[in-house]
There are 2 protein chains.
Amino acid sequence: MKNSIKVERAKKNITQADLAKLAKVSRQTINAMELGKYVPSTVLALRLAQIFEVEISEIFTLEDSDWV
Amino acid sequence: MKNSIKVERAKKNITQADLAKLAKVSRQTINAMELGKYVPSTVLALRLAQIFEVEISEIFTLEDSDWV
DNA sequence: TCTAAATGTATAATAAATATTACAATTAGA
DNA sequence: TCTAATTGTAATATTTATTATACATTTAGA
């Protein structure tokens with residue numbers, strides 16, 4: 001799964017730490033997500049979509065490998 | 001977090017077992033999700049949205065308690 | 001009503017998400 | 001260039017998602 005958190009963050013011009021606070025998770029969680037190190041829960045994905053005011057599908061997109 | 005998986009499933013007229021197979025998870029995962037027993041990963045949410053051909057936000061919605 | 005299918009439930013095991021702390025590397029601005 | 005802010009990384013611990021197996025309950029159809 002890909003995500004465009006870094007881009008959305010750039011649009012809003014906020015740091016990982018800022019976003020972590022807004023989303024109520026640790027900064028490492030944001031960092032690891034941006035680096036594709038793990039897949040967030042749907043609750044966190046919904047929170048991010050709400051923060052960035054976009055649809056989840058604009059931030060997170062499935063790849064073929066996600067169906068294996 | 002609420003979800004309308006049961007409703008979407010009813011629209012498509014498929015069983016939990018059918019959906020489990022389509023989404024490539026166990027039936028228990030589908031059942032537990034429908035009963036609100038846990039929150040799926042974003043990959044699973046995206047798969048379900050793709051299966052039901054709707055936006056994730058049509059299936060999963062945040063509640064106030066998800067921000068605590 | 002009988003039966004099969006569908007759904008709910010329980011337990012235990014494993015994998016994965018998330019927090020915490022801490023430090024290294026990079027970047028931007030004075 | 002120095003310094004502070006930002007980002008990347010690592011290890012460990014804890015919580016939570018997911019599987020597997022198995023059985024009980026409910027529902028729908030013959």
Side-chain angles (χ1 to χ4, degrees):
Chain A
M1 193 190 64
K2 284 190 310 182
N3 75 72
S4 59
I5 297 170
K6 194 168 185 173
V7 173
E8 293 300 328
R9 205 161 52 68
K11 286 187 195 165
K12 288 237 170 197
N13 194 34
I14 60 177
T15 68
Q16 290 182 346
D18 291 338
L19 180 55
K21 195 166 244 178
L22 287 171
K24 299 201 172 180
V25 290
S26 70
R27 183 180 66 80
Q28 284 70 5
T29 294
I30 300 295
N31 184 258
M33 255 191 320
E34 283 194 7
L35 299 178
K37 291 200 175 164
Y38 66 74
V39 170
S41 71
T42 299
V43 164
L44 180 47
L46 284 165
R47 282 185 193 164
L48 293 171
Q50 200 159 307
I51 289 167
F52 291 132
E53 302 171 281
V54 297
E55 279 291 339
I56 289 194
S57 57
E58 275 191 60
I59 308 179
F60 298 94
T61 50
L62 281 184
E63 298 171 288
D64 292 348
S65 59
D66 294 316
W67 282 96
V68 178
Chain B
M1 194 191 64
K2 283 190 311 182
N3 74 71
S4 59
I5 296 170
K6 194 168 184 171
V7 173
E8 293 300 328
R9 205 162 51 70
K11 286 186 194 165
K12 289 237 168 196
N13 195 33
I14 59 177
T15 68
Q16 291 181 346
D18 291 338
L19 181 54
K21 196 165 243 180
L22 287 172
K24 298 201 173 180
V25 290
S26 69
R27 184 179 67 80
Q28 284 72 3
T29 295
I30 300 295
N31 184 258
M33 257 191 320
E34 284 193 6
L35 299 178
K37 292 200 174 162
Y38 67 75
V39 170
S41 71
T42 299
V43 164
L44 180 46
L46 284 165
R47 281 185 194 165
L48 293 171
Q50 200 159 307
I51 289 167
F52 291 132
E53 300 170 282
V54 296
E55 279 291 340
I56 289 194
S57 57
E58 276 190 61
I59 308 179
F60 298 95
T61 50
L62 281 185
E63 298 172 291
D64 292 349
S65 58
D66 293 317
W67 282 96
V68 179

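Every chain is numbered from 1 and lettered A, B, ... according to where its sequence line falls, protein lines coming before strand lines.
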Chemist: Assess whether one donor atom and one acceptor atom, taken from the side chain of B:Q28 and the base of C:dT7, lie less than 3.5 Å apart.
Modeler: no

Chemist: Restricting to non-hydrogen atoms, name the atom on B:V68 and the atom on A:K24 that form the minimum distance, rounded to 0.1 Å.
Modeler: O-CD, 4.2 Å

Chemist: Donor-acceptor pair, A:T29 side chain versus A:A20 backbone, under 3.5 Å?
Modeler: no

Chemist: By nearest nucleotide on DNA chain D, pick out whichever of B:R27 and B:P40 is the more 5' one.
Modeler: B:P40

Chemist: Tell me if a side-chain donor or acceptor on A:S4 pairs with a main-chain N or O of A:E58 at a distance below 3.5 Å.
Modeler: yes

Chemist: Taking the side chain from B:D66 and the backbone from B:M1, do they hold a donor-acceptor pair closer than 3.5 Å?
Modeler: yes

Chemist: One thing to verify: whether B:K12 and B:E53 come together as a salt bridge, which I'm taking to mean a side-chain N less than 4.0 angstrom from a carboxylate O.
Modeler: yes

Chemist: Atom CD of A:Q16 to atom P of C:dT26: distance rounded to whole Å?
Modeler: 15 Å

Chemist: Taking the nucleotide of DNA chain D with the nearest heavy atom to each, does B:M33 or A:K6 sit closer to the 5' end?
Modeler: A:K6

Chemist: Atom NZ of B:K21 and atom P of C:dA5: how far apart are they, to the nearest Å?
Modeler: 14 Å

Chemist: Within the 4.0 Å heavy-atom criterion, would you say A:S41 contacts the bases, only the backbone, or no part of the nucleic acid?
Modeler: sugar-phosphate

Chemist: How many whole angstroms separate atom CD1 of B:I5 from atom C1' of C:dG8?
Modeler: 16 Å

Chemist: Counting heavy atoms from C-beta on, name the nucleotide in C:dG8, C:dA22, C:dT9 closest to the side chain of B:E34.
Modeler: C:dG8

Chemist: When you compare the side chain of A:R47 with that of A:V25, does any pair of heavy atoms fall below 4.5 Å?
Modeler: yes

Chemist: Using atom OH of B:Y38 as one end and atom C1' of C:dT18 as the other, report the distance to the nearest whole Å.
Modeler: 18 Å

Chemist: Work out how much the helix from C:dT1-D:dA30 to C:dA30-D:dT1 bends between its end axes, five pairs an end, to the nearest 10 degrees.
Modeler: 60°

Chemist: Return the value, rounded to whole Å, for the distance between atom CG of B:D18 and atom C1' of C:dA5.
Modeler: 11 Å

Chemist: Side chain of B:N31 only, heavy atoms from C-beta on: which candidate in C:dA19, C:dA22, C:dT9 is closest?
Modeler: C:dT9

Chemist: Are the side chain of A:D18 and the backbone of A:T15 linked by a donor-acceptor contact shorter than 3.5 Å?
Modeler: yes

Chemist: For the backbone of A:E63 and the side chain of A:K2, can you confirm whether one donor and one acceptor N or O come within less than 3.5 Å of each other?
Modeler: no

Chemist: B:L35 has a side chain; which of C:dT7, C:dT9, C:dT18 sits nearest to it?
Modeler: C:dT9

Chemist: Give the rounded distance in Å between these two atoms: CG of B:L44 and C1' of C:dA16.
Modeler: 13 Å

Chemist: Between A:S26 and C:dA19, does any side-chain N or O lie under 4.0 Å from OP1 or OP2?
Modeler: yes

Chemist: I need the minimum non-hydrogen distance between B:S41 and A:V39, along with the two atoms involved.
Modeler: CB-CG1, 4.1 Å

Chemist: Can you give me the first and the last nucleotide of DNA chain D (5' to 3') that has an atom within less than 4.0 angstrom of a non-hydrogen atom in chain B?
Modeler: D:dA17 to D:dA22

